[in-house]
Amino acid sequence: MARYNPKEIEPKWQKRWEEARAFLTSTDRSRPKYYVLEMFPYPSGRIHLGHVRNYSMGDVVARYKRARGFNVLHPMGWDAFGLPAENAAMQTGAHPATWTYSNIEHMRAELKEIGLAIDWSREFATCDVRYYRWQQKLFLDFWRAGLVERRESYVNWDPVDMTVLANEQVIDGKGWRSGAAVERKKLSQWFLKITDKADDLLAALDDGRLMGWPDNVRVMQRNWIGKSKGLRMKFRFAAGTTPPNGSREIEIYTTRPDTLFGASFVAVAPDHPLAQSFADDAKVAAFIADCQKAGTSQEAIDKAEKKGFRLPLDVEHPFIDGKTLPVYIANFILMGYGAGAIFGCPAHDERDHEFAKKYRLDIIPVVLPEGEDPLTFSAAEKPYLGPGALYNSGFLDGLSVDAAVDAAIARIESMGLGASATQYRLRDWGVSRQRFWGCPIPAIHCGKCGVVPVPEGDLPVKLPDVDASVFKTPGNPLDRIPEWRNVPCPECAGPARRETDTFDTFVDSSWYFARFATNPASWDAGPVDREDVDYWLPVDQYIGGVEHAILHLLYARYFSRAMKDAGHLSVEEPFANLFTQGMVTHVTYKDADGKWLFPDEVVLEGGNARRADDGSPVTIGAIEKMSKSKKNVVSPQEIVAKYGADAIRWFILSDSPPERDVEWTDAGAAGAWKLVARIWDTVESAKGLMKAHDLSAPPASADMALRRATHAAIAGVTDDIENFRFNKAIARLYEFLNVLKRVEGADAWTRAEALSALVRLIAPFTPHLAEECWETLGGNGLVCDAPWPTADGALLIRETLNLPVQVNGKRRGEVSIGADADAKAVEAAALGDPDVRRHLEGLTVRKVVVVPGRIVNIVAN
RNA sequence: GCGGGCGUGGCGGAACUGGUAGACGCAACGGACUUAAAAUCCGUCGGCCGAAAGGCCGUGAGGGUUCAAAUCCCUCCGCCCGCACCA
């Protein structure tokens with residue numbers, strides 16, 4: 001018997017697929033469509049096992065759906081703009097484009113080795129002019145449609161990467177890439193008005209449009225959007241107190257207008273115009289500076305004391321004549337949320353309580369918890385946040401919290417002091433980045449005409465050709481290329497300059513799925529082909545890491561809405577079903593000096609580990625996500641070279657449920673390789689068996705036990721793939737294989753049927769092996785074109801059942817009985833079973849529960 | 001702090017959503033083949049008692065509902081993820 005050699009067999013079939021153009025997207029629109037998409041990779045240079053897991057899952061779905069007769073779109077491309085290319089340029093002196101495209105070359109070859117059923121004719125990189133020119137066009141469309149805004153704002157400035165970060169890219173006060181402490185800086189920025197769509201982005205999470213999304217992702221997005229309903233209202237300054245800016249009143253936002261009678265102060269953010277208007281006062285300026293200096297890191301926030309600065313201002317209480325409240329600048333008020341100002345009710349808010357205690361302000365309880373005595377109840381020690389009845393509250397007395405909220409809003413509205421308002425935590429999406437390696441924002445700044453869009457006829461705005469040496473200087477090289485930057489104004493033809501900001505790369509990845517859906521023949525005619533995208537979208541199955549639960553997925557959802565508004569799409573939700581897969585983990589190793597070691601620097605012996613070179617002891621550490629810094633990485637190339645792509649695909653899907661983390665182990669990979677060899681041995685000994693039999697109708701002599709196992713495997717694997725339970729599908733295939741081995745004496749026809757099914761069932765997981773087996777057995781054509789096997793329902797129904805019998809809930813015996821036996825017959829059989837009778841000795845049967853087809857329980861005492 | 005999730009053999013995990021707990025794989029152990037090893041094949045593999053048949057216990061802990069609980073309810077304990085001064 002020839003040993004299975006993946007090194008020869010896998011490239012052979014990859015070549016055959018390519019020659020047969022097996023995975024080109026069909027234009028046949030008579031069949032139902034199925035669009036499978038995995039989040040496209042950033043071309044960092046190498047494929048890692050996380051990619052392999054992601055793309056293997058998508059490939060199983062794609063191949064399975066093809067076999068089920070769907071017209072499948074399964075594309076691949078590159079999220080190719082971004083900082084690492086510029087960092088590489090700085091370090092190695094290679095131009096970002098050179099670096100990026102050479103990485104793509106390399107990674108494409110690596111992906112092809114995995115044997116993915118991808119239509120490579122639709123491949124593109126987001127840094128291709130052919131792609132990003134249409135992104136510029138989309139932006140101009142959005143601009144025209146009023147979805148774009150340019151405004152001055154404080155931005156999160158990453159001093160190491162020298163760029164602006166979105167709020168979402170600031171993690172614990174640090175830049176998500178550089179890890180540097182983020183600073184605040186005021187800049188003119190381009191914004192996409194995602195908050196205009198906040199309501200619909202939120203509504204779709206719950207109204208059934210995203211039923212195919214995991215709950216946790218929907219929850220995360222809901223929290224991120226952070227809708228709250230409340231009241232925007234004004235407090236008038238008390239007579240004799242006026243701020244330097246001359247304003248008469250201050251606007252605040254609250255979700256607890258019911259607690260207005262418990263108000264004891266008003267506070268504004270350090271950035272608030274009111275606070276800023278006192279900036280000439282050295283003490284105020286010092287306080288504000290102090291607030292801004294305080295880090296935004298997690299630790300800083302946790303430790304930060306509530307601090308306030310008492311302004312020489314008071315406001316009138318809206319409901320209580322003659323009562324005034326002091327006004328503070330407070331460090332815990334955020335300018336970016338609500339009105340950047342609040343009223344404080346210390347009795348019913350944690351932060352206000354802390355603040356009031358520090359500055360000895362009144363703590364007036366106005367909500368009485370049920371069962372408390374109004375005369376003795378106090379919130380002096382800690383604020384009360386729960387429900388109750390209003391008291392100490394004039395016209396609100398006796399109302400519930402909810403009713404009081406409404407009543408207070410109504411009163412403020414009738415007084416002309418404010419109106420109910422909805423607030424979102426979500427901010428508009430700042431898309432400007434001060435980087436070279438991104439899509440240029442198509443705008444021109446003219447001293448006379450202001451900010452002017454680049455005329456569509458002048459698109460694309462291409463990145464200039466630059467020498468790689470320009471990246472040695474920090475900052476944005478686009479600022480330093482006058483011949484690119486200086487252009488005539490498109491409106492007045494006077495001297496003007498180009499926008500030198502480029503788009504956040506999340507813009508690039510917000511519409512790539514629509515581009516893939518467009519036939520490449522139409523790629524130069526527009527961003528998308530309307531007919532194509534209307535046919536293919538939404539993506540039927542999107543697969544990727546949960547780390548994109550908020551940013552990428554929210555932006556893409558927004559972009560679909562914007563594209564719909566601009567007339568490019570018909571769907572607002574781009575991804576009908578989302579699957580978030582777990583990470584690939586591996587044990588970590590450290591040597592005696594505490595240095596991380598690569599797995600291949602370590603030798604394992606029993607439960608111990610030593611260094612491969614000098615034999616010194618190694619500590620086996622935690623199982624963690626594979627990362628370069630911890631060196632617990634295994635390269636897919638090595639595994640492919642050792643065991644082949646099929647084994648790697650099989651193992652990475654077999655060991656854990658796909659949504660959970662999977663631990664990569666050498667033993668597991670070796671086990672998968674054994675499985676490949678085992679299937680091959682089984683098939684090779686049955687060479688030509690399929691060709692020798694007409695499988696359309698079973699002969700009378702067919703082995704029923706094997707036929708049942710075959711059809712149970714078909715039904716089970718089908719169900720498991722449909723439900724993304726790849727680990728269970730694989731377990732069933734092992735079971736089936738075990739049966740196949742046990743019944744080696746079965747007749748040839750039934751064995752042919754079994755193997756024909758087996759090979760098609762493994763094809764989505766181990767496609768090369770499946771092709772080789774299919775050919776060996778004498779199947780027609782390629783197995784990737786073969787129809788999915790169908791289970792014969794009649795063979796799934798057992799004629800006789802083995803029913804367990806319990807006595808008082810404990811299993812005591814088993815009866816074999818016809819599947820059609822009625823409850824009486826089952827009961828009689830159960831009571832007649834010798835094992836059962838033994839356990840019933842001396843007892844009186846009180847009740848017999850028969851669960852049809854499942855179990856019998858006899859209650860006796 | 002708020003929100004979400006999870007706890008099952010030595011390990012990854014099954015258990016048809018209340019019906020035989022531990023499928024399948026990995027590891028381990030025993031055996032066959034071999035000069036030997038690798039590979040392969042056969043077998044054992046939750047704990048305790050027992051020679052065996054069999055019995056008792058067992059799904060983080062404790063309680064409850066039910067003929068029947070890993071699954072539902074309550075109270076704890078532990079772990080993971082997301083958000084976090086959002087008024």
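Each chain gets a letter, A, B and so on, in the order its sequence line appears, and its residues count up from 1. It should be emphasised that the depicted structure is a prediction, and the values quoted were computed from it without experimental measurement.
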*Taking the inter-plane angle between the rings of A/Phe261 and A/His317 on a 0 to 90° scale, is it parallel (under 30°), tilted (30 to 60°) or perpendicular (over 60°)?*
tilted
_Work out how far the P atom of B/A39 is from that of B/A21, and round it to whole angstrom._
37 Å
*Phosphate OP1/OP2 of B/A84: any A/Arg425 side-chain N/O under 4.0 Å*: yes
*Distance, P atom - from B/A37 to B/A32, rounded to whole angstrom*: 11 Å
*asked:* Under 4.0 Å from OP1 or OP2 of B/G54: is there any side-chain N or O of A/His839 that close?
replied: no
_Any base atoms under 4.0 Å from A/Lys741, or only sugar-phosphate, or nothing? Heavy atoms, all strands._
sugar-phosphate
*Give every residue pair that meets the side-chain hydrogen bond (donor to acceptor under 3.5 Å, both in side chains) criterion with at least one member in residues 656-678 of chain A, sequence neighbours excluded.*
A/Arg678-A/Asn738
*Between C1' of B/G4 and CG of A/Asp215, the distance in whole Å*: 9 Å
*Mind checking the P distance from B/C73 to B/G4? Whole angstroms is fine.*
14 Å
_Nearest-angstrom distance, P atom, B/C74 to B/G5_ = 13 Å
_So, OP1 or OP2 of B/G54: does either fall under 4.0 Å of a side-chain N or O from A/Arg812?_
no
*Taking all atoms of both residues into account, what is the closest heavy-atom pair of A/Leu737 and A/Ile679, and its distance?*
CD2-CG1, 3.7 Å
*Mind checking who B/C29 pairs with, Watson-Crick or G-U wobble, both distances under 3.5 Å?*
B/G43
*For the student: nearest non-hydrogen atoms of A/Ser264 and A/Asp362, plus distance*: OG-O, 2.9 Å
*Aromatic ring pairing A/Phe355/A/Tyr359, orientation class (parallel under 30°, perpendicular over 60°, tilted between)*: tilted
_P gap between B/C76 and B/C2, integer Å_ = 13 Å
_Using the C1' atom as the point on both nucleotides, what is the distance between B/C79 and B/U8, in whole Å?_
15 Å
_So A/Leu803, base contact, sugar-phosphate only, or nothing? Heavy-atom distance under 4.0 Å._
nothing
*Take nucleotides 13-24 of chain B nucleotide by nucleotide from the 5' end and write B, S or -, depending on whether a protein heavy atom sits under 4.0 Å from the base, only from the sugar-phosphate, or from neither.*
SSSB--BB--BS
*For atom CG of A/Leu737 and atom C1' of B/U40, their distance in whole Å*: 15 Å
*Rounded off to whole Å, could you give me the CZ-to-C1' distance for the A/Phe651 and B/G25 pair?*
9 Å
*asked:* Can you tell me how the ring of A/Phe287 sits relative to the ring of A/Phe309, calling it parallel under 30°, perpendicular over 60° and tilted otherwise?
replied: tilted
*How many Å lie between NZ on A/Lys674 and C1' on B/A38, as a whole number?*
12 Å
*Please give, in whole Å, the distance from B/G12 P to A/Met583 CE?*
15 Å
*Indicate yes or no: does A/Lys227 engage A/Asp199 in a salt bridge with an N to O separation below 4.0 Å.*
yes
*asked:* Heavy atoms only, 4.0 Å cut-off, all strands: where does A/Lys810 land among base, sugar-phosphate and nothing?
replied: sugar-phosphate
_Suppose we define a pair by two distances each less than 3.5 Å, Watson-Crick or G-U wobble; what does B/C72 pair with here?_
B/G64
*Between B/A87, B/G82, B/A27, which nucleotide gets closest to the side-chain atoms of A/Met220?*
B/G82
_Using whole Å, what does the distance between atom C1' of nucleotide B/G82 and atom CG of A/Leu553 come to?_
14 Å
*Answer yes or no on whether A/Lys306 is positioned over the face of A/Phe332, meaning its NZ or CZ is under 6.0 Å from the six-membered ring centre and within 45° of the axis.*
yes
*Kindly assign one of parallel, tilted or perpendicular to the pair A/Phe726 and A/Phe724, based on the angle between their ring planes and the thresholds 30° and 60°.*
tilted
*asked:* Taking only the P atom of each, what is the distance from B/C80 to B/G13 in whole angstrom?
replied: 15 Å
*Which is it for A/Arg256 and A/Asp349 under the salt bridge (Lys or Arg N to Asp or Glu O under 4.0 Å) test, yes or no, and what are the steps along the way?*
CA-CA 9 Å; A/Arg256 292 296 302 272; A/Asp349 182 278; over 6 Å; no
*How far does the C1' atom of B/G18 sit from the matching atom of B/U71, given to the nearest Å?*
7 Å
*Measure the distance from CD1 on A/Ile858 to C1' on B/U66 and round it to the nearest whole Å.*
18 Å
For nucleotides 69-73 of chain B, list the nitrogen or oxygen atoms of the protein found under 3.5 Å from its nitrogen or oxygen atoms, one pair per line.
none

*Salt bridge check: are A/Glu722 and A/Arg725 linked by an N-O gap of less than 4.0 Å?*
no
